Amino acid sequence: MIPQMDSYIAHLKKCLNNIHKVIKKANDILCNISQPAVCSEVLLSSRGTDYISGVLEVYRVSKRMEGGMAMHNIEPNGLRIMFRDIELTWNNLQAFLAMCPCILQKLPPPSVLNCTTATPHLDTNPCLSRCCGICLLEGLNEEQIPEEPADSLQEHKGHLYHSSCANFWLNCVDSTLPVLSCHSSCPFCIQQKNEIL
């Protein structure tokens, strides 16, 4: 269990709410374009393509958060509804993207975005110092090669974050990255401290 679980759940809700807003705004923008030809023109423009790429990264953050929750056995009721709403809004957005098959083809397959296939921790107190401070997904082992550059973790002030998770958080949620503390009996953290001493 995460030491400051209530605080983490509040952080998840805030983040998921903002993810939903970003995807819904993209949906609303495309919905307000009455002509399919104009919608296609907007999507095919360089600014439109960049915008959709950014929205995709935001959606990817939600999928990472969903995977991190599954890995750490976090199941608060309200968050399931938020993930469902994000998924419905994303699916609706994809219907607009279908007007431009070349844009739709650039989207990664759902299997690449699925982070919930990670094995849940059997340990009830997994080490948080090896996880992204936003989505809680663990970093890749040194021998693993990330599929995307955004899959690797970056260190900031002694804590790890995916660059896209941190970017979304800082631009859409809060100006300070969340800091999760590991529990005092974490074997990995104890070993790290002993190696330093």
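Just so it is clear, the values below take in all heavy atoms, side chains as well, and ignore hydrogens, waters and symmetry mates. Heads up: numbering here begins at 1 and tracks the sequence. These numbers come from a predicted model, not from an experiment.
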Indicate yes or no for a side-chain donor-acceptor contact from [X] to the backbone of [Y] under 3.5 Å, with no hydrogens or angles considered.
| X | Y | result |
| --- | --- | --- |
| N17 | K13 | no |
| N18 | V173 | no |
| Y161 | C135 | no |
| N171 | N167 | yes |
| T49 | L43 | yes |

To the nearest 0.5 angstrom, please state how far the [atom1] atom of [X] sits from the [atom2] atom of [Y].
| X | Y | atom1 | atom2 | value |
| --- | --- | --- | --- | --- |
| D174 | C172 | CG | SG | 11.5 Å |
| L136 | L12 | CG | CG | 7.0 Å |
| D85 | H20 | CG | NE2 | 5.0 Å |
| I33 | D28 | CD1 | CG | 11.5 Å |
| I52 | Q94 | CD1 | CD | 10.5 Å |
| C39 | Q35 | SG | CD | 10.5 Å |

Exercise for review: For the pair M65 and F83, evaluate side-chain contact (heavy atoms from CB on, under 4.5 Å) and give the outcome as yes or no after the intermediate values.
Suggested key: CA-CA 9 Å; M65 291 173 72; F83 280 117; 4.2 Å; yes
Closest heavy-atom pair and its distance - [X], [Y]:
| X | Y | answer |
| --- | --- | --- |
| I134 | C165 | CD1-O, 3.3 Å |
| I86 | S62 | CG2-OG, 3.7 Å |
| V61 | S164 | CG2-O, 3.7 Å |

Point to revise | Steps toward side-chain contact (heavy atoms from CB on, under 4.5 Å) verdict (N27, W90) | key: CA-CA 8 Å; N27 223 337; W90 176 253; over 6 Å; no
Exercise for review: Evaluate the criterion side-chain contact (heavy atoms from CB on, under 4.5 Å) for residue pair M71 and L137; output intermediate values, then yes/no.
Suggested key: CA-CA 7 Å; M71 276 183 67; L137 280 183; 3.5 Å; yes
**Study point:** Flag for E87-Y59: side-chain donor and acceptor within less than 3.5 Å
**Key:** yes
Practice item. Following the transitive rule for hydrophobic clusters with a side-chain heavy-atom cut-off under 4.5 Å over Ile, Leu, Val, Met, Phe, Trp and Tyr, establish whether L170 and I19 coincide in one cluster. Key: yes
Exercise for review: Using the rule that two of Ile, Leu, Val, Met, Phe, Trp, Tyr join whenever any of their side-chain heavy atoms come within less than 4.5 Å, decide whether L93 and L88 are in one cluster.
Suggested key: no
Review point. Taking C-beta and beyond as the side chain, do L153 and H162 meet within less than 4.5 Å on heavy atoms?
Key: yes
Review point. Going by heavy atoms in the side chains, are E57 and R60 under 4.5 Å from each other?
Key: yes
Check your understanding: Does K63 pair with E66 as a salt bridge, N-O distance under 4.0 Å?
Key -> yes
Practice item. List the steps and the verdict of side-chain contact (heavy atoms from CB on, under 4.5 Å) for R64 and C132. Key: CA-CA 10 Å; R64 281 195 188 115; C132 172; over 6 Å; no
